[in-house]
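Just below is one structure, and these are the notes that go with it.
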Amino acid sequence: MTRPSLHGGGPSVLRRLNSAAILRALRDGGECTLSDLAGRVGLSRPTTEGVLAELIDRGLAAESAPRPGAGLGRPARRYRFRADAGHALGIDVDAHRVRLIVADLAGDVVGGHRAGLDVRSPPAERIAAVRAAVKACLTSADVDRRSLWAVAAGTPGVVARDGTITSCTVVPGWEGVPLGRELGRSFSCPVLVENDANLAALAERWRGAARDADDVVCVHAGLHTGMGALIGGRLHRGRWGAAGEVGMLPELGLRDTTAALITGTDADPEASTAALAAFESATTPRPDAATSRPTTSQADAGSPRAAASQSDGGSSRSGDSSAGGGSSRADASRAVGSSAGGGVPRGAGLDHAERVLEAAGWGAAEAQAVVERLAARMARGVAAMALAFDPEMIVVGGPLVRAGDLLVSELRRRIAPLCLSPVRIEASELADEAVGLGAVRLALDHIDEDLLRLPVGASP
């Protein structure tokens, strides 16, 4: 189906304004009669009927089947927004795996997929693996590639407006890769690329812990800790896309988050990188060994690892239903696979760091001490971000966080005294689906801007 548009040389400016208003009312207000729709948008019934007929011709609206038992006489015709007229695809690419979520135009998840990536793969192989995952996702969801109206991808690092990764310390060889251009070769629709923490912030405001907040800082704790910010409900990227990258300053304690949990120390970046690399090389299976778990080895010497080994019962915290998040997160998890990854490796470092957090939650004293030291270190950077943006809410999420974690409660206790104004600090409700859902939201926002854009100088 050819993608419809409200722009071009056909309709008059007034008709385009009316089309945008009616389409928005149908999409946001649900199924309704012609009279109800005319009342919502403040237009006459004949004008509404004419615009609605045009939207039906364009494939953006449809007449609903009559409701059974509606009473005597001919029931009023009802109309609905055609959410299935197109789709948006969200992609989350990190060092070890790719996760995909596909949704209809109303944002309802209709499918998903995840696959492992070899951290040692060069960029060309990584992008080829992402393309293969996209094909598998669309096939399993029974979604035609031509029905995609926008695609958005999230990745660690600083991302320029053209989709080029200008800085990245997480994925080897990723810096300088024109990811937007490379992925764009596979699609006929617009392809957007954004920082993963920024997308997590979008997702939290859309369907997560920050649904009722406009000024939000999102903390994304993984290999390192990144942050994204929403100001007035809008993503703040800065001039070059580097807003929120305060973790580049070692003094703020946001680098090497995973290494700090594994080693139990606050080592310098070089030592942390070496320790994490040694642990990964000793424990990480190849991505094709997807059902394998990291094994205890010489890399497991040290008290945090010993404490964590006691908690390795094969379950994943991220998949725990206690994380909450409502139906949207549940739909995404079902579509993509369990939050444990469905056997897809996340990286030995992240897996083991998560087990340290589990052990701390279960009362292991040494693990608790490690988490408390990490929270004290991270609090400096998160508080610095809060002082810069003065948000009403800080959401703590990422691969290492779930609701109720000791890490979240410790951050809450340590950050609040450093802030000059009251700020809510909440755990993410979206687990590891936040970046993928945020990518879907970014793609849907792009679609909305195209379909609902008003002429320059016009007002709704």
Side-chain angles (χ1 to χ4, degrees), residues 90 92 94 99 101 152-159 170 193-238 241-248 252-255 257 318 323-326 328-329 332 375 378-403 405 407-409 411-412 414-416 418-419 423-442 445:
D92 173 14
D94 63 22
R99 287 155 287 195
I101 299 173
T155 179
V158 177
V159 181
V170 175
V193 182
E194 187 53 85
N195 169 265
D196 54 359
N198 287 347
L199 292 182
L202 287 177
E204 293 294 346
R205 187 171 187 271
W206 182 32
R207 288 181 171 172
R211 285 186 289 265
D212 60 346
D214 288 331
D215 299 308
V216 181
V217 166
C218 183
V219 180
H220 192 70
L223 185 62
H224 304 296
T225 297
M227 287 188 281
L230 302 176
I231 300 176
R234 299 180 64 85
L235 181 64
H236 181 69
R237 303 185 75 255
E245 297 292 335
V246 298
M248 293 300 294
L252 294 184
L254 299 175
R255 291 180 60 87
T257 308
S318 298
S328 61
R329 185 261 168 123
M378 289 175 61
R380 299 195 301 268
V382 179
M385 190 78 166
L387 290 169
F389 287 95
D390 191 25
E392 56 188 298
M393 177 183 284
I394 297 171
V395 181
V396 184
L400 297 179
V401 173
R402 74 162 179 176
D405 267 345
L407 178 60
V408 177
S409 60
L411 284 172
R412 185 180 292 121
R414 294 173 182 273
I415 291 170
L418 301 177
C419 297
V423 58
R424 294 163 54 195
I425 301 174
E426 304 291 346
S428 170
E429 299 176 352
L430 302 177
D432 66 352
E433 307 299 343
V435 177
L437 285 171
V440 169
R441 182 66 264 170
L442 184 66
D445 286 346

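Computed from heavy atoms alone, side chains included, the values below leave out hydrogens, waters and symmetry copies.
Note that CG of N198 is 9.5 Å distant from CG of L442, once rounded to the nearest 0.5 Å. Atom CZ of R255 sits about 11.0 Å away from atom OG1 of T225, to the nearest 0.5 Å.
The closest side-chain heavy-atom distance from L254 to H224 is not below 4.5 Å. For the pair M378/L411, a side-chain contact is recorded, criterion being any heavy-atom separation below 4.5 Å from C-beta on. Residues M385 and V219 fail the side-chain proximity criterion, which asks for heavy atoms closer than 4.5 Å. The shortest side-chain heavy-atom distance between R424 and I394 does not fall under the 4.5 Å cut-off. Proximity of V193 to T155: side-chain heavy atoms (C-beta onward) are separated by under 4.5 Å at one or more points.
R234 and D215 are not joined by a salt bridge, as no carboxylate oxygen comes within less than 4.0 angstrom of a charged side-chain nitrogen. The pair E194-R441 does not meet the salt-bridge criterion, since no charged nitrogen lies less than 4.0 angstrom from a carboxylate oxygen. Using a cutoff of 4.0 Å between basic side-chain nitrogens and carboxylate oxygens, R205 and D214 are scored as salt-bridged.
Across all non-hydrogen atoms, the minimal contact from A209 to E204 is N-OE1, 2.9 Å. Scanning both residues, W206 and L437, for their nearest heavy atoms gives CZ3-O, 3.4 Å. What you find for G154 and L199 is that their closest heavy atoms are CA-CD1, 3.3 Å. The shortest non-hydrogen separation linking V401 to D405 is CA-OD2, 3.4 Å. Shown here for V423 and C419, the closest heavy-atom pair between the two residues is CG1-SG, 4.0 Å. Listed here is the closest heavy atom pair of N195 and E245: ND2-OE2, 3.7 Å.
Here D196 pairs with nothing under the side chain to side chain donor-acceptor pair (under 3.5 Å) rule; sequence neighbours left out. R414 pairs by the salt bridge (charged side-chain N to carboxylate O under 4.0 Å, His left out) definition with E410, not counting sequence neighbours.
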Query raised in the report: Could you go step by step and tell me if M393 and E426 meet the side-chain contact (heavy atoms from CB on, under 4.5 Å) rule?
Result: CA-CA 7 Å; M393 177 183 284; E426 304 291 346; 4.1 Å; yes
Query - Step-by-step side-chain contact (heavy atoms from CB on, under 4.5 Å) determination, V217 to V395 - result: CA-CA 6 Å; V217 166; V395 181; over 6 Å; no
Report task. Output, in order, the C-alpha distance, side-chain angles, deciding distance and verdict of side-chain contact (heavy atoms from CB on, under 4.5 Å) for L400 and H220. Result -> CA-CA 9 Å; L400 297 179; H220 192 70; over 6 Å; no
Requested in this report: Evaluate the criterion side-chain contact (heavy atoms from CB on, under 4.5 Å) for residue pair V170 and D94; output intermediate values, then yes/no.
Outcome: CA-CA 8 Å; V170 175; D94 63 22; 5.7 Å; no
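At distances below 3.5 Å, not a single donor-acceptor pair connects side-chain atoms of R207 with backbone N or O atoms of A203.
Remark: of the listed residues D92, V440, I101, I101 is the sole one forming a side-chain contact (heavy atoms from CB on, under 4.5 Å) with E433.
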